[in-house]
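Quantities reported herein were computed from a predicted structural model and do not represent experimental measurements. Quick note on labels: first sequence line is chain A, next is B, and so on, each numbered from 1.
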There are 2 protein chains.
Amino acid sequence: MRTIPKNSDAALRARGLRLTGPRRVVLEVLRGSDAHPTAESVHRLVRRRLPRVSLGTVYRNLRLLVAEGLAAEIPGPHARFDANMDAHHHFTCVRCGRIVDVDGPLAEPHAEALRVRIAARTGLAITHHRIEFFGRCPQCRAPRARLHRPRRSP
Amino acid sequence: MRTIPKNSDAALRARGLRLTGPRRVVLEVLRGSDAHPTAESVHRLVRRRLPRVSLGTVYRNLRLLVAEGLAAEIPGPHARFDANMDAHHHFTCVRCGRIVDVDGPLAEPHAEALRVRIAARTGLAITHHRIEFFGRCPQCRAPRARLHRPRRSP
DNA sequence: ATAGCTGCAAAGTCTTTGCATGTGT
DNA sequence: ACACATGCAAAGACTTTGCAGCTAT
């Protein structure tokens, strides 16, 4: 679950960004979701509040937020976006496609040891890493899992 | 580095796939490279041997090889392909974009412990995971690194 | 002979961009 | 005011697909 949406206005202003309606709502929508939405999904949600916002503008703002360090992009065939900037990893359900967060601190001890070991053995200068876990989410493991419809865009 | 290209014909025949020129060469090219080439890159290499092969055919065969378990796809904005089916991870140089293999066994002990821990704490049923390391490759860390031209498609 | 492949080109999907208009500061 | 943002639609980049002809078995 996600905490109370912070004041996005301040976050934007603090970076000298203009505070336009579409931009503020894009950030608020992203902050209000922990479903790692696609651009299209963000667009849908933004439009509930500002019906005239275009998909192009959503893309422009998402990219801008990523560039400013206010959001992260989860790479893939369809990019997904994430306003959770705390160190964390992702678990993807191979059945329904849902992505859930895995706390960074939970993984950190092992990940750190792993990094050190790889660096020592290979000579590569590792600055960071990304870990993705795959499997089935609790809902899809449940007995009545057939009722849980697969989906692509949260 | 990669070992001697195995007999691709056998691998294909064993699955009941037809052994066409383009298909065989696509697999051989992939097996002969450890540079995680893009589809376009594979196409370029295939054309050195069979100049009339189309990009569409390369895509079709790459997808088929992936579906048959003879190759893996590295997800991203531009898909990359890999005929190395041994368990392993990838290190991506953030400067030149090169992707180098990190032996699976090297990481396995830590990765396994990590998986167990996450599974225990979250209740997620983890079947597999992917770890990507980022940093600078030896060439890009070298003093004359400016000479190492960034590139996207190996 | 015939199911499966291929080349070609057209169509799809997701994302970016040019431009005239609108809008925060 | 005026630099920056937006809406719209067109263009881009990558990938898939329809179809008629070709080919491995």
**Request:** Please test Glu132(B) against Glu132(A) for side-chain contact (heavy atoms from CB on, under 4.5 Å), starting from the C-alpha separation and ending with a verdict.
**Result:** CA-CA 9 Å; Glu132(B) 292 172 90; Glu132(A) 292 172 272; 3.8 Å; yes

**Asked** His43(A) NE2 to dT16(C) P: how many Å, rounded?
**Response** 15 Å

**Asked** Honestly curious: do Leu17(B) and Val25(B) fall in one hydrophobic cluster under the side-chain, below-4.5 Å linking rule?
**Response** yes

**Asked** Transitive ILVMFWY cluster of Val102(B) at side-chain heavy atoms under 4.5 Å: who else is in it?
**Response** Phe91(A), Val100(A), Val102(A), Leu106(A), Leu114(A), Ile118(A), Leu124(A), Ile126(A), Ile131(A), Phe133(A), Phe91(B), Val100(B), Leu106(B), Leu114(B), Ile118(B), Leu124(B), Ile126(B), Ile131(B), Phe133(B)

**Any Ile99(B) side-chain heavy atom under 4.5 Å of Arg80(B) side chain** = yes

**ILVMFWY clustering at 4.5 Å (side-chain atoms), partners of Val94(B)** = Phe134(B)

**Fill in**
Grouping ILVMFWY residues whenever side-chain heavy atoms fall under 4.5 Å, the cluster of Val116(A) otherwise contains none

**Item:** Distance-only side-chain donor-acceptor flag, Asn84(A) / His36(A), under 3.5 Å
**Value:** no

**Prompt:** Near DNA chain C, which residues from residues 57-72 of chain A have a heavy atom under 4.0 Å away?
**Reply:** Tyr59(A), Arg60(A), Arg63(A)

**Connected hydrophobic set around Leu55(A), excluding itself, where side chains approach under 4.5 Å** = Tyr59(A)

**Asked** Does any pair with a residue in residues 61-72 of chain A pass side-chain hydrogen bond (donor to acceptor under 3.5 Å, both in side chains), and if so which ones, sequence neighbours excluded?
**Response** Arg23(A)-Asn61(A), Arg63(A)-Glu73(A)

Please produce a list of atom pairs where a protein N or O lies less than 3.5 Å from an N or O of nucleotides 10-12 of chain C.
none

**Prompt:** For Arg15(B) and dC5(C), what is the distance between atoms CZ and P respectively, to the nearest whole Å?
**Reply:** 15 Å

**Asked** If you measure only the distance, is there a donor-acceptor pair under 3.5 Å linking the side chains of Ser54(B) and Thr57(B)?
**Response** yes

**Message:** Test: salt bridge (Lys or Arg N to Asp or Glu O under 4.0 Å). Region: residues 101-121 of chain A. Which pairs qualify, not counting sequence neighbours?
**Reply:** none

**Asked** Can you name the ring-ring contact (aromatic ring centres under 6.0 Å, His included) partners of His89(A), sequence neighbours left out?
**Response** His129(A)

**Request:** Strictly below 4.0 Å, heavy-atom distances to any atom of DNA chain C: list the hits from residues 16-25 of chain A, or just say none.
**Result:** Arg18(A), Leu19(A)

**Message:** If you assign each of Arg13(B) and Gly56(B) to its closest nucleotide in DNA chain D, which residue comes earlier from the 5' end?
**Reply:** Gly56(B)

**Asked** At what angle, to 10 degrees, do the two end axes of the helix from dA1(C)-dT25(D) to dT25(C)-dA1(D) meet, given five pairs define each axis?
**Response** 30°

**Message:** Side chains of His88(A) and Pro105(A), heavy atoms from C-beta outward: is any pair under 4.5 Å?
**Reply:** no

**Donor-acceptor contact present, side-chain His43(A) to main-chain Ser41(A), <3.5 Å** = no

**Asked** Hey, can you pull the residues of residues 47-55 of chain A with a non-hydrogen atom under 4.0 angstrom from DNA chain D?
**Response** Arg52(A), Val53(A), Ser54(A)

**Request:** Side-chain contact test, heavy atoms from C-beta onward, threshold under 4.5 Å: evaluate it for Pro37(B) versus Leu30(B) and give yes or no.
**Result:** yes

